[in-house]
Protein chains: 2
Amino acid sequence: MGANAGSIVDNAGRHKGAKAVKESEPHKDSIRSQNERKILRAAELEFVRHGYKGTSMQAIADRADLPKANIHYYFKSKAKLYSCMLENITELWNSTLAEISEGDNPAQVLTRYIRTKVEMSMTYPEASKIYAMEIIQGAPHLHDHLRKRTRQWMREKVRIIESWIVQGKMNPVDPTHLIFLIWSSTQHYADFNTQVLTITNQLEYEQEDIDQITRFLCEVILGGCGLQPDLTVLGSC
Amino acid sequence: MGANAGSIVDNAGRHKGAKAVKESEPHKDSIRSQNERKILRAAELEFVRHGYKGTSMQAIADRADLPKANIHYYFKSKAKLYSCMLENITELWNSTLAEISEGDNPAQVLTRYIRTKVEMSMTYPEASKIYAMEIIQGAPHLHDHLRKRTRQWMREKVRIIESWIVQGKMNPVDPTHLIFLIWSSTQHYADFNTQVLTITNQLEYEQEDIDQITRFLCEVILGGCGLQPDLTVLGSC
DNA sequence: AATAAACCTGACCAGTTAGACAAGAATTGC
DNA sequence: GCAATTCTTGTCTAACTGGTCAGGTTTATT
């Protein structure tokens, strides 16, 4: 991923020699970006339900309410469309992590992190699901990302959590697996929403559920680290 | 699912009018059951990596080292083969839960349950992955199973955990979400094994990892419930 | 108004794949 | 040994789908 992630979407299907749109001002309501957003959203919904191969360009076109050839006009190929969609999602997904430092209060940071992840998982589950399917299938498109960015990110966070432990701010639990635990337990409510909703006999999540689950996870996970959830963060739910 | 789950596999491709095999003795080494097992295993590995539509019968045939027409002989269609495989996996997956009762010791039961799930997830991740993909895609084949069996199973377990809480054996945490937490955190090591291994820079899990992760999850989750992991169960790792 | 760029779209093509089928080979039961 | 049954397999087909393309319309620019 280069310095300008937006460029992946912009100019995707432009004719050779065409003047490039000013990249500094992505023109959020231009025909191009409007249609691209419509297509990407349609693609998410289709890919999530039927997988890569199981989704036809025609199905995406139908859902986006555009003729199929039009999809190919904006995104050269199915593979490109998929990559682009995945890139968007990965970016969104990685943006959930706040900057943290050794001086921070673990309870507050972890409470806020869990809350954010639960909120995102429950309000916009498609992102988590597509990411999950990609990893389950062996991460063919994300191997590099995992090896470089994600591993690096993990190293930083682990270092800081270790410093919290050394400072006696929390129990000595394995930081890597603590993060895995937060990821898995929060994303579960996105990836397995069908199962959760069916078992609890609900049609969809409500704000109340988000609050309750956040509180539950904070209690148990922080409790397991010898911490008390930060009530000021939880209270704002 | 009827009284005899094995019947789904047996007699799958038998010609009409053919005498059925004695169901009481499935003839584990007959040509039929031998080939069926080979095909089902090949199907798992292919379906996990490429999804339902992305997997061709030819690919399954190649992996099973049989001609394609042979796959159709044993399993009438791709859809039947997939259903059959899913059925097997669901059964295996549901068998992990021990019978529990109100008189049991929560620490011991939960420790053992976590250990079993971690072990299965790490030694045979395909089952968890296929189940996960099915749920992520909206559980088209498992909706009934979830609505009836899984929900019922959950009700029973919740009742027992609630009784433990009333007896003061553990902290008052929401039993439903406690079970979701155990499912998500343990299955994570199967479904996301690519991510976990890449981040931790390993090629595959070792026995040591299984032990360490089991210990970690028991500590945090049981700790969050106000319990101490059962060392006699953990010790046997 | 005129020119160019961007956008739209129906029709078409080539590759892939699930499944059918028929004819033959091996096995079993008597 | 001889049926009956089970198993094997090469070949064919109908359906689907990703992608191309030529010719059209609309929009922006000067």
Side-chain angles (χ1 to χ4, degrees), chain A residues 9-23 25-39 42-43 46-47 49-85, chain B residues 9-22 25-27 29-39 42-43 46-47 49-85:
Chain A
V9 183
D10 300 342
N11 311 328
R14 191 149 288 139
H15 292 163
K16 351 174 175 176
K19 240 184 282 176
V21 168
K22 274 253 174 58
E23 300 209 356
E25 184 208 12
H27 232 301
K28 275 295 171 206
D29 51 348
S30 70
I31 293 179
R32 166 164 292 267
S33 66
Q34 228 175 348
N35 279 342
E36 277 173 350
R37 250 179 303 147
K38 237 188 354 180
I39 294 167
E46 287 299 317
F47 280 133
R49 253 165 245 280
H50 306 107
Y52 179 74
K53 196 68 186 301
T55 297
S56 70
M57 295 297 269
Q58 188 61 59
I60 296 173
D62 289 348
R63 188 181 280 273
D65 204 31
L66 290 169
K68 190 187 71 160
N70 219 326
I71 314 291
H72 275 96
Y73 172 71
Y74 286 108
F75 300 89
K76 284 272 184 271
S77 68
K78 189 181 183 181
K80 290 259 178 63
L81 169 57
Y82 181 79
S83 293
C84 190
M85 182 201 63
Chain B
V9 182
D10 298 344
N11 311 328
R14 192 147 288 138
H15 292 162
K16 351 174 176 177
K19 241 184 283 177
V21 167
K22 273 253 176 58
E25 184 208 11
H27 233 301
D29 50 348
S30 69
I31 292 179
R32 166 164 292 267
S33 65
Q34 228 175 348
N35 279 343
E36 276 173 350
R37 251 181 301 146
K38 231 178 13 169
I39 294 168
E46 288 298 318
F47 280 132
R49 254 166 244 278
H50 306 107
Y52 178 74
K53 196 68 188 298
T55 297
S56 70
M57 295 295 270
Q58 187 61 59
I60 296 172
D62 289 349
R63 189 181 279 274
D65 205 32
L66 289 169
K68 190 188 72 159
N70 221 324
I71 315 291
H72 275 96
Y73 171 72
Y74 287 108
F75 301 89
K76 282 274 183 270
S77 69
K78 190 182 182 182
K80 290 260 178 60
L81 170 56
Y82 181 78
S83 293
C84 190
M85 181 201 62

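Sequence lines set the chain letters: A, B, ... in the order given, protein chains first and strands last, and positions in each chain run from 1. For the numbers below, each heavy atom of this structure counts, side chains included, while hydrogens, waters and symmetry mates do not. Note that the structure is predicted; figures quoted are calculated from it, not measured.
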Rounded distance in Å - [atom1] ([X]) to [atom2] ([N]):
{"X": "B/I71", "N": "C/dC21", "atom1": "CD1", "atom2": "P", "result": "19 Å"}
{"X": "B/K38", "N": "D/dC7", "atom1": "NZ", "atom2": "C1'", "result": "13 Å"}
{"X": "B/Q58", "N": "D/dT9", "atom1": "CD", "atom2": "P", "result": "13 Å"}
{"X": "A/E46", "N": "D/dG18", "atom1": "CD", "atom2": "C1'", "result": "16 Å"}
{"X": "B/L66", "N": "D/dT9", "atom1": "CG", "atom2": "C1'", "result": "11 Å"}
{"X": "A/Q34", "N": "D/dT27", "atom1": "CD", "atom2": "P", "result": "13 Å"}
{"X": "A/M57", "N": "C/dG15", "atom1": "CE", "atom2": "C1'", "result": "16 Å"}
{"X": "B/D62", "N": "D/dG10", "atom1": "CG", "atom2": "P", "result": "12 Å"}

Item to complete: Give a yes or no on whether a donor-acceptor pair under 3.5 Å exists between the nucleobase atoms of D/dG19, that is its base, and the side chain of A/K68.
Response: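 For A/K68, whose side chain was compared with the base of D/dG19, there is a donor-acceptor pair (under 3.5 Å).
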Worksheet item: Can you find a pair of side-chain heavy atoms, one from A/M57 and one from A/H72, that are under 4.5 Å apart?
Response: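 Result yes, sub-4.5 Å side-chain heavy-atom pair found.
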Nearest to side-chain heavy atoms of [X], which nucleotide of [options]:
{"X": "A/A69", "options": "D/dC21, C/dC8, D/dT8", "result": "D/dC21"}
{"X": "B/R32", "options": "D/dC7, D/dT9, D/dC21", "result": "D/dC7"}
{"X": "B/P67", "options": "C/dC7, D/dT8, D/dT9", "result": "D/dT9"}
{"X": "A/H72", "options": "D/dT17, D/dT20, C/dG19", "result": "D/dT20"}
{"X": "A/K78", "options": "C/dG19, C/dC7, D/dG19", "result": "D/dG19"}

Discussion item. Please check: side-chain N/O of A/K78 versus main-chain N/O of A/T55, any donor-acceptor pairing under 3.5 Å?
Written reply: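 A pair under 3.5 Å: yes.
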Worksheet entry | Any donor-acceptor pair under 3.5 Å from A/K38 side chain to A/D65 backbone |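 Looks like no, no N/O pair under 3.5 Å.
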OP1 or OP2 of [N] under 4.0 Å from side-chain N/O of [X]:
{"X": "B/Y73", "N": "D/dT8", "result": "no"}
{"X": "A/Y74", "N": "C/dC8", "result": "yes"}
{"X": "A/N35", "N": "C/dC8", "result": "yes"}

Item to complete: Taking atom CZ of B/R63 as the centre, report whether more than 12 heavy atoms of other residues, nucleotides or ligands fall under 6.0 Å from it.
Response: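 Check passes, neighbour count above 12.
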Practice prompt. Using the six-membered ring wherever Trp is involved, compare the ring planes of B/Y52 and B/Y82 and label them parallel, tilted or perpendicular (cut-offs 30° and 60°).
Written response: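 Ring orientation, 0 to 90° scale: perpendicular.
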